[in-house]
Amino acid sequence: MLSNLDHNISSSTVQSRPLEPSPAPALEPRPPTSSDEDFFSSTSIASSSSSEDIQTNHSSPPLPPAAPPPPQIPISWPASGTISREWVNELMNAFEWASRAVPPQEFPSLLPVEVFDRLILSASKILHKEKNCVSIEGEELGRVSKVVVVGDLHGQLHDVLFLLKDAGYPGEDRIFVFNGDYVDRGAWGLETFLLLLAWKVILPHRVFLLRGNHESKYCTSVYGFEKEVSCKYGDKGKHVYCKCLGCFEGLPLASIIAGRVYTAHGGIFRSIPSTPSKRYKGKKNRKVIVDPNSTALSLGSFEELSKARRSVLDPPWEGQNLIPGDVLWSDPSMDPGLSPNKERGIGLLWGPDCTEEFLKKFGLTLIIRSHEGPDAREKRPGLGQMNEGYTIDHVVDSGKLITVFSAPDYPQFQATDERYRNKGAYIVLVPPDFDTPVFHTFDAITPRPVVNPYYDYEDVIDSDEELDMASMVPAT
């Protein structure tokens, strides 16, 4: 039932490789500070190849061309009040250039807080109106040539920019579904998140941003995003961070593509058992409460998912609102059944039998989830390693369960003796059924600009370690 590189059932893989390097801009010399010392470096390599070139070794990159002029900064909000594709292109160029040319504490000179406010408000208004599980079907798929499903990104901006270019930017004929974990670990979580929000604003029915477990107060306070925002916006950092948390709460939890494919960050979810309480005199409707004595776990329904309260800073691990935590934190297993995820302290573990039940029950053929990078997978016996950026975890009668991870050479800051050097991957689904995955793998853009980490990566090695429940914001 398990194969790390199981290419049967019509799935295939395309290898993507780095393009020509774009060089660092020439800057006036100035004395370095503690945060920008050794900050500037040469940039990256990127290219694409067909599936016939998968085994081809990378050739040496050519000499870089002349340095491009810096983009127009600071970035301003359009006088019309509406951003455009051209504005988003300028934002991408500015973020890429500034990652080498602007020290973090000068970020407001690139993106003033007033522009941040306009962007986060525009995106939040859209996201908060979307359902817990967005349905991508009907007219939205009518003119679409492909749907691109993307896994964890973790603030690796340069890899994100390459992925967008390699897959083809979002457009009327191309839908993107992002499975969450935009921030933390990497040094450019803020830029990554804001860039994707900009795409969402200009193409709200072509770009879908789902929530990951790192889009929470707890994770961002431990794995760097809170400190990153504070460093980049100084005395306005708390304001910017709170606005981001509010936007996180609006991110949908899952998607259904063409009625055939379920995508979510962690995976499937439990049913919340309920029992009727005493009917009070004069009341027509009975009150329904969660039965705290129920210990049996069973799969939940999409009706239950639709009613879950996602607007929480940290998904609860106890109480009545457990479904968001399941969707964001759960993991597959090779052991049958549905059980609490004791290693993470939140969410579930589910076996191939549960994958089959979930697919069959809801008429699906594919589950695409993310959530596990190479560091997590090396601790999961029986499951494939994340060397290629994806694994096929369960192959059952009704279809497949796939994990996709889109952050290559992850994490950016590694305390291990040897780097994982994993590839990143994204999945392409094409008409008519949109349920046959085509895997595209790619290497990290190197060398990355040198920058200081925003968390103690030597002590905080793995998000699989048991959560500090006392630090998580309780549900209210």
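None of these values were measured; they are calculated from a predicted model.
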- Partners passing ring-ring contact (aromatic ring centres under 6.0 Å, His included) against Y420 (at least two apart in sequence or in another chain): none
- Item | Qualifying residues under salt bridge (charged side-chain N to carboxylate O under 4.0 Å, His left out), relative to E215, sequence neighbours excluded | none
Table please: side-chain donor-acceptor pairs of residues 243-251 below 3.5 Å, with sequence neighbours left out.
from: E249; atom 1: OE2; to: L313; atom 2: N; distance (Å): 3.3

- Flag the pair F439 / Y426 as yes when their ring centroid distance falls below 6.0 Å, and as no otherwise. no
- Message: Check this for me, if you would: do D393 and R377 make a salt bridge, where the nitrogen-to-carboxylate-oxygen distance has to be below 4.0 angstrom?
- Response: yes
- Are any of the side-chain nitrogens in R185 or E228 under 4.0 Å away from the carboxylate oxygens of its partner? no
- Item | With R419 via side chain to side chain donor-acceptor pair (under 3.5 Å) - residues at least two apart | D409
- Message: Using the salt bridge (charged side-chain N to carboxylate O under 4.0 Å, His left out) criterion, which residues pair with D435? Sequence neighbours excluded.
- Response: R260
- Task: Apply side chain to side chain donor-acceptor pair (under 3.5 Å) to T355 and list each qualifying residue two or more places apart in sequence or on a separate chain.
- Result: W350, H394
- Quick one: salt bridge (charged side-chain N to carboxylate O under 4.0 Å, His left out) partners of K200, sequence neighbours excluded? E130
- Query: Could you walk me through whether K423 and D443 pass the salt bridge (charged side-chain N to carboxylate O under 4.0 Å, His left out) check?
  - Reply: CA-CA 5 Å; K423 295 180 186 295; D443 294 317; 2.9 Å; yes
- Would you call F176 and V147 a side-chain contact if the rule is heavy atoms closer than 4.5 Å? no
- Note on the structure: Taken in chain and number order and not counting sequence neighbours, the residues that satisfy side chain to side chain donor-acceptor pair (under 3.5 Å) with S84 are E86
Which side-chain N or O atoms in residues 118-125 pair as donor and acceptor under 3.5 Å with protein atoms at least two apart or in another chain?
from: S122; atom 1: OG; to: R118; atom 2: O; distance (Å): 2.8
from: S124; atom 1: OG; to: I120; atom 2: O; distance (Å): 2.8

- Message: Going by salt bridge (charged side-chain N to carboxylate O under 4.0 Å, His left out), name the residues that satisfy it together with E114, two or more places apart in sequence or in a different chain.
- Response: none
- Item | Pairwise side-chain contact, V261 with I256, heavy-atom cut-off 4.5 Å (strictly under) | no
- Message: Parallel, tilted or perpendicular: which one describes the rings of F269 and F358, with boundaries at 30° and 60°?
- Response: perpendicular
- Query: Are H265 and W329 close enough that their ring centers fall under 6.0 Å?
  - Reply: no
- Message: Ring centres under 6.0 Å, that's the criterion: do W87 and W77 meet it?
- Response: yes
- Message: Can you give me the closest heavy-atom contact between S145 and V430, atom names plus distance?
- Response: O-CG1, 3.9 Å
- Message: Under the rule for side chain to side chain donor-acceptor pair (under 3.5 Å), what residues qualify as partners of S255, not counting sequence neighbours?
- Response: T263
- side chain to side chain contact (heavy atoms under 4.5 Å, CB included) partners of A407, counting only residues at least two apart: Q156, F405, Y410
